[in-house]
Novice: 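A single structure is presented below for examination.
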Number of protein chains: 2
Amino acid sequence: MAFVYEYARPSVTVDCVIFGLDDDGLKILLIQRDGDPYAGSWALPGGFVEMDESLDQAAQRELQEETGVSEVFLEQLYTFGAVGRDPRTRVITVAYYALVNLKDHKIEAATDARAAAWFALDDLPALAFDHDQILQMAQERLQGKVRYQPIGFELLPEKFSLRQLQRMYETVLGRSLDKRNFRKKALGLGVLEDLNEVERDVSHRAARLYRFDRAKYEQLVKNGFHFEL
Amino acid sequence: MAFVYEYARPSVTVDCVIFGLDDDGLKILLIQRDGDPYAGSWALPGGFVEMDESLDQAAQRELQEETGVSEVFLEQLYTFGAVGRDPRTRVITVAYYALVNLKDHKIEAATDARAAAWFALDDLPALAFDHDQILQMAQERLQGKVRYQPIGFELLPEKFSLRQLQRMYETVLGRSLDKRNFRKKALGLGVLEDLNEVERDVSHRAARLYRFDRAKYEQLVKNGFHFEL
DNA sequence: AACCTATAGTGTCTTCTATACACTATAGAT
DNA sequence: ATCTATAGTGTATAGAAGACACTATAGGTT
């Protein structure tokens, strides 16, 4: 492995853009940096990739260490490698993104972060490094992807009503959808399992609850079905 | 920059999947490796990222050095970082892909490669490292992307007939398309400039020639137009 | 008990888009 | 003059997307 030391080579980090949904809309998870550079600034959770872990594993580990959030479905977003993006030295970062149901994931700041917190997308602090660029690309990817793949189900609780599903789509897409057309289409996809249950303790007519049937979804995809919502 | 030496950190390379089109169909550009590991094997052109160049620049440089192909529009594909993908040490590779018109790009093997050559996709040699995986992902991306973005124009010469355009789409998508419907749709997009010229020296009725109007395309995209072919 | 409020749930019509499909025109070769 | 290979053109049908308004009901309020 001598060549590793022959020249200075770029280092590799991972950074995670974690989207969460609650009644106020979309949020993202940030940490407050403890060490230099950008000490005190808010940043995406992330850190250096170790020799004995894959990129995916590194992203999961850093997310867990810095925020306490674990077991999320992280998807690779893009790799950022501009020369000056870290003021200290050359750092290439592989960015990941994920969607989580905000209520399922309690956060706890840890180790190399002062704090971890959810921020509304329209009320963000200044971010360290080029993390604003990374976030922007993540939002674009999310909007593009949610239209033809049912990734958005990660944002919802296990059991959800069609209204919750519609609001999630409206929030992510940033526009309103027609109720009847949405329901027709969502049910027509054949990946929602009707639980024969209704909401409880709501002061209006209770909605039926559904579950996302991932097995049926994967079967349809295998047969070449093309999703779109 | 002391920390670079405190621990062994993964190295970073770039690899390029270059698709070319000629009358026989889709080809990809490979180099024969000169040094270990996999000496003599065919592989995707690529190499280590230097400290003072961006990832995109590194991909362009390695492609030029190893194959003589330059000035192509490289797009980032995915970053591969499994622990054992290079037998020597830990190497993370950022994969790029591009489409070129085969006749415009004469290849010339150089420096750290024995040879460079185009290979038909259905008649490939065994590839070094995990390059078969990278290639497979590139093919999937290409098929997905060609349907809703006019990237395929890179595969054609500057001036082309609608027949050439249709054959290119058929080749990439792997299925045949209806001539009249294809022409209707292609012309309807409004990004083809009619050059008021026809083919020369063909032993049949000569086809009109068109040019891809990138400026018009970008203007339409900016106004939220959603392409699909 | 009557009423209020908030959301659930339901169908039809119109418009647009995708697809299937067959013949005439013409440049160059024979 | 004829042949060959490809250019170029329009319509009809089927399916998908989008617009649109009312009745039903759980719980709260008076």
Side-chain angles (χ1 to χ4, degrees), chain A residues 22-24 146-150 156-157 159-171 173-211 220 223-229, chain B residues 22-24 143 146-150 156-157 159-171 173-211 220 224-229:
Chain A
D22 69 6
D23 301 331
D24 302 339
V146 82
R147 291 187 44 198
Y148 61 93
Q149 283 189 18
L156 296 176
K159 301 175 178 184
F160 52 84
S161 67
L162 289 180
R163 178 186 178 77
Q164 283 177 287
L165 183 64
Q166 181 175 349
R167 288 189 59 156
M168 184 270 288
Y169 271 89
E170 288 176 336
T171 303
L173 294 174
R175 63 191 168 93
S176 60
L177 302 170
D178 178 84
K179 184 162 109 172
R180 278 176 290 189
N181 293 336
F182 179 85
R183 296 165 83 93
K184 204 188 316 176
K185 197 159 181 182
L187 291 174
L189 290 178
V191 297
L192 296 184
E193 182 186 346
D194 186 341
L195 293 169
N196 288 309
E197 266 180 84
V198 294
E199 293 174 313
R200 311 232 44 182
D201 299 319
V202 290
S203 75
H204 52 74
R205 179 169 170 183
R208 297 184 80 83
L209 296 176
Y210 295 84
R211 200 174 64 79
L220 285 173
N223 297 336
F225 195 89
H226 184 52
F227 276 82
E228 191 153 337
L229 246 171
Chain B
D22 69 5
D23 302 331
D24 302 339
Q143 288 195 7
V146 82
R147 290 187 44 198
Y148 62 92
Q149 282 189 19
L156 297 175
K159 302 174 179 185
F160 53 84
S161 66
L162 289 180
R163 178 186 177 78
Q164 285 177 287
L165 183 64
Q166 181 176 348
R167 289 190 58 157
M168 183 270 288
Y169 271 89
E170 288 176 336
T171 303
L173 293 175
R175 63 190 167 95
S176 60
L177 302 170
D178 179 84
K179 183 161 108 170
R180 278 176 291 188
N181 293 337
F182 180 84
R183 296 165 84 93
K184 205 189 315 177
K185 196 159 182 181
L187 292 173
L189 291 177
V191 297
L192 296 184
E193 181 186 346
D194 186 339
L195 293 169
N196 289 310
E197 266 181 86
V198 294
E199 292 174 313
R200 310 232 46 181
D201 298 320
V202 290
S203 75
H204 51 75
R205 178 169 171 184
R208 297 184 82 82
L209 296 177
Y210 295 84
R211 200 175 64 80
L220 285 174
F225 195 88
H226 184 50
F227 276 82
E228 190 154 340
L229 244 171

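Just so we're on the same page: letters track the sequence lines, and every chain starts at 1. Quick caveat, the model's predicted, so the values are computed rather than measured.
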Novice: Taking the side chain as every heavy atom from C-beta outward, state whether A:N181 and A:K184 have any atom pair closer than 4.5 Å.
Specialist: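 Side chain of A:N181 against side chain of A:K184, heavy atoms only: contact under 4.5 Å found.
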
Novice: Between B:K185 and B:A206, which has a closest nucleotide on DNA chain C that is more 5'?
Specialist: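 Final value for this comparison: B:K185.
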
Novice: Whole angstroms only, please: what is the CG-P distance between B:D194 and D:dA7?
Specialist: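 Taking atom P of D:dA7 as the reference, CG of B:D194 is at 15 Å.
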
Novice: Any heavy-atom pair between the side chains of A:R183 and A:K179 that's under 4.5 Å?
Specialist: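 Yes; the side chains approach each other to less than 4.5 Å.
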
Novice: Donor-acceptor pair, B:E199 side chain versus B:A206 backbone, under 3.5 Å?
Specialist: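 No; judged by distance alone, with no hydrogens or angles, the pair does not exist.
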
Novice: Does A:R208 reach a base, just sugar-phosphate, or nothing at all? Heavy atoms under 4.0 Å.
Specialist: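 A:R208: backbone/sugar contact only, no base atoms under 4.0 Å.
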
Novice: I need the CD-P distance between B:Q166 and D:dT9, as an integer number of Å.
Specialist: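 Value for this atom pair: 14 Å.
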
Novice: So, under a plain 3.5 Å distance rule, would you say the side chain of B:R180 forms a donor-acceptor pair with the base of C:dA22?
Specialist: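 Yes.
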
Novice: CG of B:L187 versus C1' of D:dG8: gap in Å, rounded?
Specialist: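 Distance, rounded to whole Å: 11 Å.
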
Novice: In whole angstroms, how far is the P atom of D:dG8 from the CG atom of B:N196?
Specialist: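 That distance rounds to 12 Å.
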
Novice: Looking at A:E170 and A:L177, would you say the former's side chain and the latter's main chain have a donor-acceptor pair under 3.5 Å?
Specialist: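 Yes, the answer is positive, given that a donor and an acceptor are paired below the 3.5 Å cut-off.
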
Novice: Is there side-chain contact between B:L162 and B:L187, with at least one heavy-atom pair below 4.5 Å?
Specialist: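 B:L162 vs B:L187: side chains touch.
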
Novice: Return the value, rounded to whole Å, for the distance between atom CG of B:D178 and atom P of D:dT13.
Specialist: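 That distance rounds to 17 Å.
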
Novice: Counting heavy atoms from C-beta on, name the nucleotide in D:dA7, C:dT10, D:dG18 closest to the side chain of A:K179.
Specialist: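 My answer, after comparing the listed nucleotides, is C:dT10.
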
Novice: Return whichever of B:V198 or A:R205 has its heavy-atom-nearest nucleotide of DNA chain D closer to the 5' end.
Specialist: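 On the 5' side of the pair lies B:V198.
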
Novice: May I have the distance from A:R183 (atom CZ) to C:dG9 (atom P), rounded to whole angstrom?
Specialist: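 It works out to 5 Å between those atoms.
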
Novice: Let's see if you can work this out: which of D:dG18, C:dA20, C:dG9 has an atom nearest to the side-chain heavy atoms of A:K184?
Specialist: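 Comparing D:dG18, C:dA20, C:dG9 against the side chain of A:K184, the answer is D:dG18.
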
Novice: I want to check something: taking the side chain as every heavy atom from C-beta on, are A:F160 and A:L192 in contact at a cut-off of under 4.5 Å?
Specialist: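 Contact flag for A:F160/A:L192 side chains = yes.
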
Novice: Does a sphere of radius 6.0 Å around CZ in A:R211 hold more than 12 heavy atoms from other residues, nucleotides or ligands, not counting ones at 6.0 Å or beyond?
Specialist: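 It does: A:R211 CZ has more than 12 such atoms within range.
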
Novice: May I ask you to verify whether the side chain of B:N181 and the base of C:dA20 hold a donor-acceptor pair under 3.5 Å?
Specialist: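 Answer is yes: a donor-acceptor pair is held.
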
Novice: Please pick, from D:dT6, C:dG11, C:dG9, the nucleotide with the shortest atom-to-atom distance to any side-chain atom of B:R163.
Specialist: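 That would be D:dT6.
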
Novice: Rounded to whole Å, please give me the gap between CZ in B:F182 and C1' in D:dA7.
Specialist: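 The distance from CZ of B:F182 to C1' of D:dA7 comes to 14 Å, rounded to the nearest Å.
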
Novice: Polar atom pairs between nucleotides 28-30 of chain C and protein, under 3.5 Å, N or O only, would you list them?
Specialist:
none

Novice: Rounding to a whole Å, what distance do you find between B:L195:CG and D:dA7:P?
Specialist: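 Those two atoms, CG and P, are 16 Å apart.
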
